[in-house]
Amino acid sequence: MGYKISVERVKSSRIGEVDFNNLPFGRHFSDHMFMADYFDGDWHNCRIIPFGEYSIHPALSALHYGQAIFEGMKAEKDEDGNPIVFRPSKNINRFNISADRMAMAQMPEDLFMQAMDKLLTIDKDWIPSAPESSLYVRPHMFATEEFVGIRAAEHFRFVMFTCPVGAYYNRPVKVFIHDKYIRAFPGGVGFAKCAGNYGAAMMPAREIQKMGYDQILWLDGIHHKYLQEIGTMNIFVIIDGVIITPGLDQGTILDGVTRDSIIQLAENEGYLLQERDISVDEIINAYHEGKLDDMFGTGTAAVLSHIGEFHYKGENYELPPIEGREISNKLKERLTGIKSGKAEDIFGWVHTVPVGVYSGS
Ligand code: COI
């Protein structure tokens, strides 16, 4: 715990301006944010300040060469009103894996946790309590070198802010399986939560959204055949009672925290689960044989979101009604129960923010 975090509080809170019964995703921001700057090989000036704009240099290297990464976590309140966060140590671990791939500075876990705990203590009243709502925590880091030549930066800024949010999707998701554009390939950055992965997906996503779909379900970059992920979520398929999700071994998909939790919950429930390649032909054959029971996505923002329909090469395939999808409904119920502190946390996933430690600062 070598880092000291200073605190400057807002003069007056904006919380009264927000309708907590109507929370679109990512549109409202709580009162404070954490910020720190990396130079001379360490993090400096660790501070919690009022949420707001800051100025940047026009030659800021992240803007030109894309060294930028982020994470997403969710805070809720347990039955005693204490802020809790779901598996934040998985997020800081993945953040540093992304940082390594993007030649960026490592964020020490103790600084990350201290910043998060302190920020959530100060802004705990911003944690919504309506079903499916939470306080989304967005840590991110970007290169701040003021230099136009191309090389790995040595200066970075880390910022963590929070947003009260409702459900990311409020109806079954319509996915478009693309046979033209590619998100990731072995040796690339598919496993990293870097801004460029999302930026490169914007144009194909905008095209399919104009056609009435929500998201692309990406195929692998070599064979254009195997499912990878949905960009906002990891993908799961249930064929004839067996849960199948693509493995992480190629380094082309994100090691989702929710993905990992669903795998562990499925195993704990005694369901058959396989982490393996799954081709688009396999799901279409299963569909025609009446064995495609379910498809769903998982992610921090999206939690477990059912897929209502998928499109491939000019054909739409409609999936069974949500109410009958017993396995995924059961897994979602267990996951949301644990995340909200209502169900027993047999895995030790829930981090309780030690408000007593930070409330005086
Ligand atoms: C998350 O689930 O945290 C993400 O970063 C994905 C995005 C849809 C918000």
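These figures come from a predicted structure and were not determined experimentally. One-based numbering, in listed order, for ligands and for the atoms of each.
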With under 30° as parallel and over 60° as perpendicular, where do the rings of Y226 and H223 fit, or are they tilted in between? perpendicular
Below 30° counts as parallel, above 60° as perpendicular, anything between as tilted: where do the rings of H311 and F176 land? parallel
Collect the protein residues that have a non-hydrogen atom under 4.0 Å from ligand 1 and hand them over in chain and number order. F70, G72, Y136, R138, Y168, K193, T232, T300, A301
What class does the angle between the rings of F161 and F29 fall in, given that below 30° is parallel, 30 to 60° is tilted and above 60° is perpendicular? perpendicular
Might you confirm whether atom CD of E318 has over 12 heavy atoms from other residues, nucleotides or ligands at distances under 6.0 Å? no
If you measure only the distance, is there a donor-acceptor pair under 3.5 Å linking the side chains of Y213 and N316? yes
Single-linkage hydrophobic cluster, 4.5 Å side-chain cutoff, F142 and F39 together: no
